[in-house]
Amino acid sequence: MSVRFACCIAALLATVSPLAAQAGPDPLAPTGRWSAYTRGAAARPPMGWNSWNAFGSGIDERKLLASAQVIVDTGLAAKGYRYIDLDDGWWLRRRTADGRIVIRTANFPSADIGGGETSFRPLTDRLHAMGLKAGIYSDIGRNSCAQMYSSDGLNQPEGNLAEREVGLYDNIDRDIGLYFRDWGFDLIKVDACGIRGLTPDSPWVSSGKMRALGPFIDSESLGRTDISTVRSLYGQVRQALEKYNPDNDFIYSLCLWGSADVRSWAKDTGNISRTSDDIAPTWGRMLHSLDSAARRPLYAHPGSWNDPDMLYIGTGDFDADHLTEARAHFALWAMLSAPLMIGYDLSKAPPALLDIFGNSRVIAVDQDPAGNQAVLAFDTDDLQIFVKTLANGDKAVAVVNRTGGPISGGFTADQLKLLKDADIALTDLWTGEQHSFRGEYKFKLAAHQTLIFTAHGTRRLAGGFYLSETPGIVNPAADGVLVPEEEPLVYRPIFWAGTHGSGEHPRYGGWGGAQPDQTPYGLNLGIGRQRFDTGIGILANSRLEVRNQGHARFSAQVGIDDSARMLSAPATFYVYGDGKLLARSPLMRFGQAPFALSADVRGVKLVELVVRTPTPGIQGRPVTWGEAALLD
Ligand code: GLA
């Protein structure tokens with residue numbers, strides 16, 4: 001149904017708004033504005049090198065420049081690896097007279113600019129002259145992670161307690177100005193250890209080594225985490241970055257390891273955001289990082305990406321003796337549209353590893369301009385199939401064998417949303433081999449093997465795209481999750497505590513978030529017993545923003561999802577175009593057949609899809625935008 005009179009609609013909405021009784025703007029009210037972060041230089045996932053996985057706090061200028069030089073000499077820079085990031089371990093102290101940070105010149109000699117002053121400008125000038133970009137590291141608290149967790153104390157800040165407070169807390173504007181305006185950095189990674197563990201009874205505080213702060217984050221409990229304070233602190237860094245980078249040439253990397261429900265707000269705050277605790281060079285920890293990002297494609301867009309952590313290719317389970325695992329790690333990060341940050345001493349890299357980092361076909365999948373993170377088309381603990389829609393309409397498909405033994409299977413045209421009775425041309429991105437199939441492509445995988453292809457066929461939806469194929473243009477501005485819950489579907493390897501305690505538990509907020517092709521709780525989509533293999537699953541009391549790039553019509557089959565059971569409240573579905581109501585459903589109840597909703601979106605830039613229940617203040621049950629699509 002199409003309604004023309006915006007004034008009447010506004011009055012109608014005021015009476016049904018679930019949040020009308022609450023203070024502040026109604027998050028379900030259409031804004032006509034795409035709200036995911038687009039400032040900074042991250043239209044594509046950042047690529048480069050970071051010192052941490054290779055050197056830890058043992059980093060120095062010589063080691064950093066050696067890897068930078070290999071990146072230039074081997075042609076990796078020309079393939080997109082541009083950011084050379086200095087991680088933890090670079091600082092000497094904060095000068096208490098004026099609050100200025102002093103660099104450890106013993107390890108970074110070019111930073112000694114005379115007169116007792118230090119500056120990274122000579123180093124960033126050098127990197128810029130090599131055609132590269134420069135990244136630096138800090139912490140949102142007063143102290144950094146290595147200050148708290150380093151086992152050998154190597155290269156940790158020196159001096160009295162105040163001099164050792166090198167993190168951003170209380171110094172955000174000063175430090176960001178120093179790093180970007182004065183020293184010329186292009187990227188900052190902002191860690192969060194300083195607001196996590198510094199309770200009065202912690203060993204660091206009780207020993208007098210550090211001051212207590214917060215803690216605002218409790219990695220094991222969203223309930224004990226002060227999400228709004230964490231969000232506000234990271235928001236202050238964003239503001240400072242925008243102030244000191246009027247040319248927009250910056251990247252803001254949030255590193256709070258999936259805590260503080262960052263999944264729900266990072267996409268509005270910065271360019272990349274860590275989804276998990278630290279990766280380690282083991283297969284299980286790689287799977288953990290993978291899983292922490294894999295079910296969040298709707299939370300990644302050009303400008304704001306999920307970051308499952310830096311690459312560990314070259315080390316441990318991903319070293320030159322484990323090329324199968326190294327290729328799997330690389331291919332999966334490309335499917336996730338993850339930042340590709342090499343974490344290896346490239347001066348030692350054998351050609352086989354350089355070939356992996358340099359595979360242009362796989363890099364192109366990561367860097368595809370549409371920015372659609374791959375969607376899980378098939379999901380089991382043993383084998384997964386990821387499908388990513390590329391800007392030219394082709395698909396990238398990756399099949400991963402998570403197990404330690406061989407496995408066989410097949411992927412279907414349906415899973416690729418391609419027609420099954422037409423030829424599909426496949427290109428193997430590792431070997432360059434071409435294949436062709438109809439219906440189903442059978443494969444055999446060795447232990448830990450990932451195959452990755454591009455696929456060209458006939459699209460199942462001629463003249464349009466299902467929204468679940470294009471998560472890069474769909475933003476769950478309000479996903480209906482009022483009470484953040486930990487995501488249970490993340491592989492749990494042994495973490496820091498070893499086998500002490502009761503084991504690893506779910507730890508990253510995100511359960512119940514919006515999903516392509518499945519419900520917010522990972523079930524098949526269905527309305528009134530009609531199953532949908534494509535659509536967006538979301539909770540009621542939600543608002544999705546959808547960028548329309550010239551399509552004429554939006555259509556969907558909407559209703560309360562069958563998984564909602566009898567607990568469901570009824571809900572109404574609304575379609576807005578640039579802030580104006582275009583169509584709405586009747587009040588939909590559990591078990592009712594889907595309602596066909598359709599709207600003319602010609603000339604509309606932003607479509608908004610809103611679902612409201614009449615009952616204010618409750619977390620909505622799953623609802624389904626079945627077969628939601630933008631059509632020519
Ligand atoms: C944390 C981060 C790592 C690294 C270290 C540095 O653990 O998650 O990526 O930056 O701190 O101390």
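Atoms within a ligand are numbered from 1 in the order they appear, just like the ligands themselves. For the single chain, residues carry numbers from 1 onward in sequence order. Remember, it's a predicted structure, so these values are computed and weren't measured experimentally.
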Check: Glu163 side chain, Asn160 main-chain N or O, donor-acceptor pair, under 3.5 Å: yes

Side-chain donor or acceptor of Asp366 paired with backbone N/O of Ala338 under 3.5 Å: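 Yes.
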
Once you restrict to heavy atoms under 4.0 Å, what part of [X] touches ligand 1? Side chain, backbone, both or neither.
{"X": "Asp277", "result": "neither"}
{"X": "Cys255", "result": "side chain"}
{"X": "Trp257", "result": "side chain"}

Which heavy atom of the protein is the closest neighbour of [atom], given with residue, atom name and distance?
{"atom": "atom 12 (O) of ligand 1", "answer": "Asp88 OD2, 2.8 Å"}
{"atom": "atom 1 (C) of ligand 1", "answer": "Asp191 OD2, 3.0 Å"}
{"atom": "atom 3 (C) of ligand 1", "answer": "Asp278 OD2, 3.5 Å"}

Test item, Tyr149 contacting ligand 1 (heavy atom, 4.0 angstrom):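 False for this residue.
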
Any N/O pair Asp309/ligand 1 closer than 3.5 Å: no

Ligand 1 N/O within reach of Trp52 N/O, cut-off under 3.5 Å: no

Atoms of ligand 1, numbered as shown, that sit under 4.0 Å from any heavy atom of [X]:
{"X": "Arg274", "answer": "8 (O), 9 (O)"}
{"X": "Asp87", "answer": "4 (C), 6 (C), 10 (O)"}
{"X": "Met310", "answer": "9 (O)"}
{"X": "Lys189", "answer": "3 (C), 4 (C), 9 (O), 10 (O)"}

Polar side chain donor-acceptor pair, [X] to [Y], under 3.5 angstrom:
{"X": "Asp319", "Y": "His322", "value": "yes"}
{"X": "Arg295", "Y": "Gln515", "value": "no"}
{"X": "Arg104", "Y": "Asn107", "value": "no"}

Residue of the set Asp112, Val102, Leu92 for which side chain to side chain contact (heavy atoms under 4.5 Å, CB included) holds with Thr118: Val102

Candidates Phe120, Phe108, Phe55, Phe185 - the one meeting ring pair (Phe, Tyr, Trp, His ring centres under 6.0 Å) with Trp90: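 Going through the options one by one, the only one that passes is Phe120.
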
Validation row: Leu346, Leu354 side chains within 4.5 angstrom (heavy atoms): yes

Chi angles and distances behind the side chain to side chain donor-acceptor pair (under 3.5 Å) call for Gln147, Arg164: CA-CA 9 Å; Gln147 276 184 294; Arg164 295 195 313 271; over 6 Å; no

